[in-house]
Number of protein chains: 2
Amino acid sequence: MSKPSRRSRGSITVQDVAREAGVSAMTVSRVVNGGTNVREATREAVLAAIAKLNYSPNSAARSLAAGEATQIGLLYSNPSAAYLSQFLIGALAAARRAGCHLVLEACEGERAEEQAEATRGFVQTHVQGVILPPPLSESGPVRAELEAAGIPWVSVAMGLPPEGSLNVRIDDFAAASAMTRHLLDMGHRHIGFIRGNPNQTSSAERYRGFCAAIEEAGLDLAAMPVEQGYFTFRSGIVASEAMLDLPKPPTAIFASNDDMAAAAVGVAHRRGLHVPQDLSVVGFDDTALATTMWPELTTVRQPIAAMAEAALTMLLEELRADVRTEHAEQVLAHQLIVRESCAPPPAA
Amino acid sequence: MSKPSRRSRGSITVQDVAREAGVSAMTVSRVVNGGTNVREATREAVLAAIAKLNYSPNSAARSLAAGEATQIGLLYSNPSAAYLSQFLIGALAAARRAGCHLVLEACEGERAEEQAEATRGFVQTHVQGVILPPPLSESGPVRAELEAAGIPWVSVAMGLPPEGSLNVRIDDFAAASAMTRHLLDMGHRHIGFIRGNPNQTSSAERYRGFCAAIEEAGLDLAAMPVEQGYFTFRSGIVASEAMLDLPKPPTAIFASNDDMAAAAVGVAHRRGLHVPQDLSVVGFDDTALATTMWPELTTVRQPIAAMAEAALTMLLEELRADVRTEHAEQVLAHQLIVRESCAPPPAA
DNA sequence: GGATCGCACGACAACGTTGGCAGAAAATTG
DNA sequence: CAATTTTCTGCCAACGTTGTCGTGCGATCC
């Protein structure tokens with residue numbers, strides 16, 4: 001007579017599987033994780049038992065026993081909603097696989113003190129590591145605070161990460177020059193560039209990529225109109241207005257992100273310019289905005305979810321290896337997404 | 001000489017706190033959770049010890065010992081990115097508090113078989129409950145599959161949830177009539193309405209709210225132009241074109257969501273109409289889009305994150321109480337957000 | 001004033017898994 | 001074929017918490 005345990009959830013445990021397969025619980029555990037040093041016949045028996053009982057390991061027990069990191073912080077700010085949701089999807093997938101919890105903290109303000117404050121929230125909640133999506137990946141106060149607390153972090157999507165930091169990114173430089181070449185290939189010779197917020201190194205890298213492609217084509221960089229933007233829709237309006245007010249406006253505008261590109265399209269429309277017939281506009285990021293406008297935007301896609309996954313994985317590896325690794329950097333592939341906002345320049 | 005445990009993470013445990021406070025571990029546990037049957041003096045001693053040692057409970061151990069639900073599914077589809085990110089933020093906050101994991105599953109397709117397939121993914125991963133944000137909250141196949149597997153679920157943001165279901169929502173009817181009254185108060189007497197996707201009951205509720213406000217004002221409902229939309233930007237373009245092609249176009253357009261409202265603004269601009277001077281446009285949802293357009297959109301804000309939190313909390317309560325509760329419904333407050341896309345009708 | 005009650009608290013076991021070790025089995029070698 | 005190595009497997013304890021039950025103590029009730 002086995003009296004049912006007081007707190008039985010009726011779930012299948014390693015013990016059940018072990019009994020079914022005629023082995024010990026430890027062997028089941030070995031098969032489930034990695035599975036070194038298990039005879040093939042044994043492994044198959046265990047796998048069969050797992051399949052038969054439809055066993056799935058209890059992640060709480062697992063992380064308790066293994067003593068692994070369970071709380072990973074994610075500090076976000078100024079969330080381009082589209083970016084954030086993709087990022088969370090990727091991070092959650094990796095977190096579940098690793099059996100760890102994601103702790104979100106919002107950091108709205110731009111001020112150093114606000115950022116430091118939000119970071120201290122993490123220190124108090126005992127997160128073992130932190131993921132920093134842009135733009136906080138570049139925040140001095142945040143990083144100083146983490147450094148002081150001895151909490152490792154991974155920066156995501158920095159343009160030019162400092163040596164010795166953990167980071168995941170795309171090659172902003174290469175992506176921006178590829179996009180510029182796309183415009184050049186279409187025949188544009190007078191291309192305006194709207195820069196991104198200078199508080200992010202990716203802005204500089206994108207600009208550098210633009211410049212490199214222009215010069216490589218043998219054109220005069222100084223002749224290209226360049227305006228300063230701040231990644232916001234509003235700043236894109238100001239920049240585009242300035243650019244189209246020029247005596248000789250460009251035939252194409254390359255905005256450093258989609259929001260500013262959308263602004264450029266809006267400004268053009270209000271001036272009676274048709275996009276892309278009269279003016280080509282391209283963006284960067286491929287957020288949801290790129291397809292909720294007309295015409296749909298030619299842009300650069302970042303593999304956001306994959307970057308978040310990579311960041312979390314990298315962070316966990318760092319935490320598992322108790323020795324501080326010197327430098328881990330991962331550069332993921334970007335993709336040029338050609339849609340309808342771009343055409344050869346008007347014949348005139 | 002206490003020899004350090006082999007797997008010590010050096011973290012503070014209940015034992016440490018208990019020693020510090022001169023009580024037993026169990027008492028610490030009681031203080032931390034609820035804390036019934038603890039003398040005030042003891043409680044204070046424990047709290048002091050907790051503060052001193054900066055203790056925070058290990059959630060893995062907690063959920064293991066308490067045997068609580070640890071995997072909650074979240075099936076999303078067609079994510080308006082802004083909606084999804086807000087939703088995830090809320091769900092994650094609640095999940096962490098409860099110490100449970102969020103399991104995401106994407107369901108892209110519209111077809112019944114695809115939806116059933118995605119749902120079966122949950123059944124196999126042993127999630128104990130599922131949260132269904134719109135539009136899947138209304139999906140027959142998904143619900144049938146969950147019903148068959150005996151997995152409880154919570155629907156979020158249905159317009160008119162069926163009796164006996166767990167759900168969290170806002171009052172779409174009231175929100176839509178409030179918005180309509182806002183337009184009426186501004187002096188509009190000829191208001192066009194773009195309906196939402198008929199596969200969601202919230203579409204019908206919003207339309208009902210519009211109708212009620214119109215009739216309450218003593219106006220002729222039949223004189224108001226109504227077009228069918230599908231919550232997409234594209235469908236909004238088609239509907240707005242049709243509406244503005246009318247011999248007597250409306251002075252205001254009420255779109256059932258922000259995407260379609262953005263489309264209406266775009267169409268107006270291309271026709272040389274100024275928003276809001278020549279045409280007022282209002283939306284619904286207050287997604288990020290509402291502020292990345294010009295003029296910024298007057299719309300209805302749903303407390304998305306709060307709804308997600310409420311849904312998860314409700315689901316966990318349902319799971320904890322092993323008896324199936326009959327009916328739990330929670331209606332959260334919406335908010336009318338007045339921005340710049342709305343003005344009195346032109347004097348003409 | 002003794003029996004009873006209720007409250008506060010502690011000891012112990014259990015949750016489901018994995019790490020360390022030791023023992024058994026198989027493979028290799030002389 | 002015996003000795004030795006290597007590969008495989010099982011036992012026990014530990015991870016940090018909470019549930020159950022029992023004990024001690026002061027208050028309450030006749």
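A note on names: the letters A, B, ... follow the listed sequences, proteins ahead of strands, and every chain is numbered from 1. Just so we're clear, the structure is a prediction, and the values are computed from it rather than from any experiment.
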Given 3.5 Å as the limit, does a donor-acceptor pair link the side chain of [X] with the main chain of [Y], or not?
{"X": "B:Gln115", "Y": "B:Ala112", "answer": "no"}
{"X": "A:Asp16", "Y": "A:Val14", "answer": "no"}
{"X": "A:Ser155", "Y": "A:Met158", "answer": "no"}

Side chain of [X] - closest among [options]:
{"X": "B:Ser29", "options": "D:dT18, C:dC9, C:dG16", "answer": "D:dT18"}
{"X": "A:Thr27", "options": "C:dT17, C:dC9, D:dG10", "answer": "D:dG10"}
{"X": "A:Ala65", "options": "D:dC15, C:dC15, D:dC8", "answer": "D:dC15"}

Check whether any side-chain heavy atom of [X] lies under 4.5 Å from a side-chain heavy atom of [Y], and answer yes or no.
{"X": "B:Thr125", "Y": "A:Ser56", "result": "no"}
{"X": "A:Leu315", "Y": "A:Trp153", "result": "no"}
{"X": "A:Val32", "Y": "A:Ile50", "result": "yes"}

Under a 4.0 Å threshold between the charged nitrogen and the carboxylate oxygen, would A:Glu105 count as salt-bridged to A:Arg120?
no

Is any NZ, NE, NH1 or NH2 atom of the basic residue among B:Glu329 and B:Arg169 found under 4.0 Å from an Asp or Glu carboxylate oxygen of the other?
yes

Any side-chain N or O of [X] below 4.0 angstrom from OP1/OP2 of [N]?
{"X": "A:Thr42", "N": "D:dT9", "value": "yes"}
{"X": "A:Ser63", "N": "D:dC15", "value": "no"}
{"X": "B:Asn33", "N": "D:dT18", "value": "yes"}

Between A:Glu309 and A:Arg97, does the side-chain contact (heavy atoms from CB on, under 4.5 Å) criterion hold? Intermediate values first, please.
CA-CA 10 Å; A:Glu309 286 203 51; A:Arg97 267 204 305 277; 2.6 Å; yes

Nearest-Å distance, [atom1] ([X]) to [atom2] ([N])?
{"X": "B:Ile12", "N": "D:dT17", "atom1": "CD1", "atom2": "P", "answer": "10 Å"}
{"X": "B:Arg62", "N": "D:dG19", "atom1": "CZ", "atom2": "C1'", "answer": "14 Å"}
{"X": "A:Arg39", "N": "C:dA24", "atom1": "CZ", "atom2": "P", "answer": "16 Å"}
{"X": "A:Asn37", "N": "C:dA26", "atom1": "CG", "atom2": "P", "answer": "15 Å"}
{"X": "B:Glu40", "N": "C:dA8", "atom1": "CD", "atom2": "P", "answer": "10 Å"}
{"X": "A:Leu64", "N": "D:dT18", "atom1": "CG", "atom2": "P", "answer": "12 Å"}
{"X": "A:Tyr55", "N": "C:dG16", "atom1": "OH", "atom2": "P", "answer": "10 Å"}
{"X": "B:Asn58", "N": "D:dT18", "atom1": "CG", "atom2": "P", "answer": "10 Å"}

Derivation of the side chain to side chain donor-acceptor pair (under 3.5 Å) call for A:Ser63 and A:Glu68
CA-CA 5 Å; A:Ser63 47; A:Glu68 282 167 359; over 6 Å; no

Interatomic spacing from CZ in B:Phe122 to CG in B:Leu104 - rounded to 0.5 Å
7.0 Å

So what is the end-to-end bend of the helix from C:dG1-D:dC30 to C:dG30-D:dC1, with 5 pairs used at each end and the value given to 10 degrees?
40°

What's the shortest heavy-atom distance between A:Ala116 and A:Pro141, and which atoms?
N-CB, 4.3 Å

Produce the list of close N/O pairs, under 3.5 Å, pairing protein atoms with atoms of nucleotides 21-23 of chain D; give distances to one decimal.
none

Sorted by number, the residues of residues 14-26 of chain B with heavy-atom contact under 4.0 Å to DNA chain D
B:Val14, B:Gln15, B:Met26

5' priority, DNA chain C, between B:Arg43 and B:Ala61 [closest heavy atom]:
B:Arg43

